[in-house]
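Working notes for the structure below.
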Number of protein chains: 2
Amino acid sequence: MTTKPIYIKTTLDVVCGKWKAVILMELVNGPLRFAELKRKLPQIHHQTLIKQLKELQEDGLIERKSYAEIPPKVEYKLTSHGESLHHLLHDMAAWGEYHLSVQKPDRYSS
Amino acid sequence: MTTKPIYIKTTLDVVCGKWKAVILMELVNGPLRFAELKRKLPQIHHQTLIKQLKELQEDGLIERKSYAEIPPKVEYKLTSHGESLHHLLHDMAAWGEYHLSVQKPDRYSS
DNA sequence: CGGTATCCAACGTGATACTG
DNA sequence: CAGTATCACGTTGGATACCG
């Protein structure tokens, strides 16, 4: 018996948000402010980004650092726990690339 | 620049179905008939299982072998492409287990 | 036994408006 | 600049009924 499938669902629970993986990948290069993150992800809606960030926070993957300034400044960075996901995300990306090279990219034309 | 985040979404697209990862894990031990699969996954609905299987088929991860018998007999097994996902699923499970051991399992009480 | 067709509820994402 | 609140919408999984 290998590791139980239930744990896979746990992992998926954490990274399956539409933008979560992308956000995490952006953050591996260092902390980013909210506005910077938004600039890197032009497609994502303001509100959606906030929600996904909050969930990532609650899962302990990223850390939110708020500076008491005017105007407000907030930085997001990976926690060490978040960094432990890095190699997995990389492997997922690698498999995804392989998958596209093998399968007809019919369903992924977006 | 590491592998592009878009590829992660491809991978997630493939395995993020509510039961897909579980189904794939069941099939690594060998082919299973529809009814056997259903018996191993008591919670999943008849119809839902069919849908997920069909999607996995379309993604080329599993193969459907139908025997022209009465009563009907259908077997599902991993394709070689599906097997290439095995180590990734395993890593995801491993990380999920680690995650649960580190984080409060608040949101995963199901 | 295994599959199709159809409808419905739940969830996640995105849109709009407003606040400190 | 960053966040909250609320609502609208599409997608997905699940329920029911019926067919080969």
Side-chain angles (χ1 to χ4, degrees), chain A residues 5-6 8-24 26-27 31-59 62-77 106-110, chain B residues 5-6 8-10 12-24 26-27 31-59 62-77 107-110:
Chain A
I6 176 78
I8 301 183
K9 299 185 82 171
T10 303
T11 301
L12 291 177
D13 235 32
V14 168
V15 297
C16 258
K18 188 165 177 184
W19 297 94
K20 288 185 185 174
V22 190
I23 294 171
L24 291 172
E26 292 294 346
L27 289 177
L32 288 176
R33 299 185 53 173
F34 181 84
E36 291 172 326
L37 212 42
K38 182 135 175 36
R39 210 172 304 129
K40 298 214 176 212
L41 278 33
Q43 312 257 41
I44 192 174
H45 197 92
H46 177 87
Q47 176 64 313
T48 306
L49 179 54
I50 289 184
K51 277 187 198 165
Q52 305 260 313
L53 284 170
K54 185 180 283 184
E55 287 184 29
L56 289 171
Q57 251 182 91
E58 286 167 359
D59 284 327
I62 65 175
E63 196 178 335
R64 181 178 172 281
K65 201 166 179 178
S66 162
Y67 300 84
E69 303 177 357
I70 303 292
K73 173 179 170 182
V74 179
E75 265 187 2
Y76 293 92
K77 57 173 258 198
D106 299 344
R107 308 173 60 223
Y108 315 99
S109 34
S110 59
Chain B
I6 175 79
I8 301 183
K9 299 185 82 172
T10 303
L12 292 177
D13 235 34
V14 168
V15 298
C16 257
K18 188 165 177 183
W19 297 94
K20 289 184 184 174
V22 190
I23 293 172
L24 291 172
E26 291 295 346
L27 288 178
L32 288 174
R33 299 185 51 172
F34 181 85
E36 291 172 326
L37 213 41
K38 181 137 178 34
R39 209 172 306 126
K40 298 215 175 208
L41 279 31
Q43 310 256 43
I44 192 173
H45 197 91
H46 177 86
Q47 177 64 307
T48 306
L49 180 54
I50 290 184
K51 279 186 197 168
Q52 305 263 311
L53 284 171
K54 185 179 284 184
E55 288 183 26
L56 289 171
Q57 253 180 91
E58 287 167 358
D59 284 328
I62 64 175
E63 198 176 336
R64 181 178 172 280
K65 201 165 179 178
S66 161
Y67 301 83
E69 302 177 357
I70 304 292
K73 173 179 170 182
V74 178
E75 265 187 0
Y76 293 92
K77 58 172 257 200
R107 309 173 59 221
Y108 316 98
S109 34
S110 58

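Proteins get letters first, then strands, A, B, ... in listed order; numbering begins at 1 in each.
The CG atom of B:Leu53 sits 11 Å away from the P atom of C:dG2 (whole-angstrom rounding). Summarising the geometry, the separation between CG on A:Leu12 and P on D:dT12 is reported as 15 Å, rounded to the nearest angstrom. With rounding to whole Å, A:Glu69 atom CD is found 17 Å from D:dG3 atom C1'. B:Glu36 has its CD atom 11 Å from the P atom of C:dC1, to the nearest Å. Remark: P of C:dG3 and CD of B:Glu58 are 13 Å apart, rounded to the nearest angstrom. We find that CG of A:Leu56 is positioned 15 Å from C1' of C:dT13, with the value rounded to whole Å. Following rounding to the nearest Å, A:Lys73 (NZ) and D:dA2 (P) show an atom-to-atom distance of 9 Å. In this structure, A:Gln47 places its CD atom 17 Å from P of D:dC9, rounding to the nearest Å.
When the shell of 6.0 Å around NZ of B:Lys77 is examined, it contains 12 or fewer heavy atoms from other residues, nucleotides or ligands. Sparse packing is recorded around NZ of A:Lys40, with 12 or fewer heavy atoms of other residues, nucleotides or ligands lying under 6.0 Å away. At most 12 non-hydrogen atoms from other residues, nucleotides or ligands lie less than 6.0 angstrom from CD of B:Gln43.
Residue B:His46 places no side-chain atom within donor-acceptor reach of the base of D:dG14, judged by atom type and a 3.5 Å distance cut-off alone. Scanning atom types as modelled, no donor and acceptor separated by under 3.5 angstrom connect the side chain of A:Glu75 and the base of D:dA2.
In this model, the phosphate group of C:dG14 is approached by a side-chain N or O of A:Trp19 to a distance below 4.0 Å at OP1 or OP2. Between A:Lys18 and C:dG14 there is a side-chain polar atom (N or O) within less than 4.0 angstrom of OP1 or OP2. The side chain of B:Arg64 contributes an N or O atom lying less than 4.0 Å from OP1 or OP2 of C:dG3.
The bend of the helix from C:dC1-D:dG20 to C:dG20-D:dC1, defined by the angle between the axes of its first five and last five pairs, stands at 40° to the nearest 10°.
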Item to check | Trace of the side chain to side chain contact (heavy atoms under 4.5 Å, CB included) decision for A:Lys18 with B:Lys9 | outcome: CA-CA 8 Å; A:Lys18 188 165 177 184; B:Lys9 299 185 82 172; 4.2 Å; yes

